[in-house]
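These numbers come from the heavy atoms of this one structure, side chains and all, not from hydrogens, waters or symmetry mates. Below, read A as the first sequence line, B as the second, and so on, with proteins coming before strands; counting in each chain starts at 1.
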There are 2 protein chains.
Amino acid sequence: METELCKVDEALSILVGKWKPIILLHLFNRGTLRFSELKRLMPDITQKMLTKQLRELEEEDIINRVVYPQVPPKVEYSISDYGRSLQPVLDVMHEWGSTHTQHMQEKKS
Amino acid sequence: METELCKVDEALSILVGKWKPIILLHLFNRGTLRFSELKRLMPDITQKMLTKQLRELEEEDIINRVVYPQVPPKVEYSISDYGRSLQPVLDVMHEWGSTHTQHMQEKKS
DNA sequence: CCGGATCCCCGCGGATACTG
DNA sequence: CAGTATCCGCGGGGATCCGG
């Protein structure tokens, strides 16, 4: 097996998920955010999905989840130190995606 | 809508597909390859899936597909000029994926 | 040699309602 | 406020067989 050297799939396994990139974008931009703040930033996501995507990112050590034991509940999310290593990856993908959008528009004309 | 500026999903839409990264890796490494050669390099993929993934990559202008009208058939695949713009993206993802593999191993210990 | 056509399974993601 | 619990549709991906 030589082709097991393709580690692109490892990166994909972290990033794939309908809302993960946008969640990471918000956390990178704004630092720490509460659950309800994230929800407000993404009106179309359901609570279930937001919870699920956050849990998966937490499981991979990409984000921190801090629960404040109080009433009403308060939970804050932020990019972990390890998660910050994803920054260049997201940057490159975002940049390529932008040019790709252009490429597709030119294709139509 | 400010968050429509997240173009990471555009890149993902091209790369997501169980066999796409590995297919691209082979084509980047070896240049032009026939269908049967790709199949041989990926013993576990079915013909149907190989065909499908290649068609999708072709649809996005990432790869070239050249058919030689002869018997027996001969079809060659290669990275398109536009597809080469993906190189840095794949590089960064591959690199991050490698360190991530390490990260997971340390986690177990 | 290079596919297309069919059938099937499974997990992602959405809708909705309920709780401490 | 920040989640569970349940139900369900859809599409990705595999197995298998057929065709030029």
Collect all protein-nucleotide pairs involving nucleotides 9-14 of chain C in which both atoms are nitrogen or oxygen and the distance is under 3.5 Å.
unit_1  : atom_1 : unit_2 : atom_2 : d
dG13(C) : OP1    : K18(A) : N      : 2.9
dG13(C) : OP2    : Q53(A) : NE2    : 3.4
dG14(C) : OP1    : K18(A) : NZ     : 2.2
dG14(C) : OP2    : W19(A) : NE1    : 3.1
dG14(C) : N7     : K48(A) : NZ     : 3.3
dG14(C) : O6     : K48(A) : NZ     : 2.2

Residue list, side chain to side chain contact (heavy atoms under 4.5 Å, CB included) with K74(A), at least two apart or on another chain
R34(A), Y68(A), Q70(A), E76(A)

By salt bridge (charged side-chain N to carboxylate O under 4.0 Å, His left out) - contacts of D91(A) (at least two apart):
none

Rounded to whole angstrom units, what separation is found between the CZ atom of R34(B) and the P atom of dG3(C)?
11 Å

Sorted by chain and residue number, the side chain to side chain donor-acceptor pair (under 3.5 Å) partners of E56(A) (sequence neighbours excluded) come out as K20(A)

DNA chain D: first to last nucleotide in contact with chain B (atom under 4.0 angstrom from a heavy atom), 5' to 3', is dG13(D) to dG20(D)

Restricting to side chain to side chain contact (heavy atoms under 4.5 Å, CB included), what partner residues turn up for V67(B), sequence neighbours left out?
R65(B), V75(B)

Give one of base, sugar-phosphate or nothing for Y68(A), where a contact means two heavy atoms less than 4.0 Å apart.
nothing

The test is side chain to side chain contact (heavy atoms under 4.5 Å, CB included); show your working for Y82(A) and D61(A) and say whether it passes.
CA-CA 7 Å; Y82(A) 179 59; D61(A) 301 330; 4.2 Å; yes

Short side-chain N/O contact from R55(B) to OP1 or OP2 of dG3(C), under 4.0 Å
yes

Check whether I23(A) and V16(A) end up in the same hydrophobic cluster, where Ile, Leu, Val, Met, Phe, Trp and Tyr are linked by side-chain heavy atoms less than 4.5 Å apart.
yes

Would you list the protein and nucleotides 17-20 of chain C atom pairs, both N or O, that sit under 3.5 Å from each other?
none

Among all residues two or more places apart in sequence or in another chain, which pass the side chain to side chain contact (heavy atoms under 4.5 Å, CB included) test with T101(B)?
K7(A), E10(A), Q105(B)

At 4.0 Å (heavy atoms only), tell me whether R40(A) reaches a base, stays on the sugar-phosphate, or touches nothing.
nothing

Sorted by chain and residue number, the side chain to side chain contact (heavy atoms under 4.5 Å, CB included) partners of V92(B) (sequence neighbours excluded) come out as V89(A), V92(A)

Looking at five pairs on each end of the helix from dC1(C)-dG20(D) to dG20(C)-dC1(D), what is the angle between the two axes, given to 10 degrees?
40°

My understanding is that only residues two or more places apart in sequence, or in another chain, count here; which of them pass side chain to side chain donor-acceptor pair (under 3.5 Å) with S98(A)?
none

ILVMFWY cluster, V66(B) and I63(B) together (side-chain gap under 4.5 Å)
no

Tell me the closest heavy-atom pair linking I14(A) and L86(A), and the distance in Å.
CG2-CD1, 4.2 Å

Got a second to check how far L38(B)'s CG is from L54(B)'s CG, nearest 0.5 Å?
6.0 Å

Who are the salt bridge (charged side-chain N to carboxylate O under 4.0 Å, His left out) partners of K52(A), not counting sequence neighbours?
none

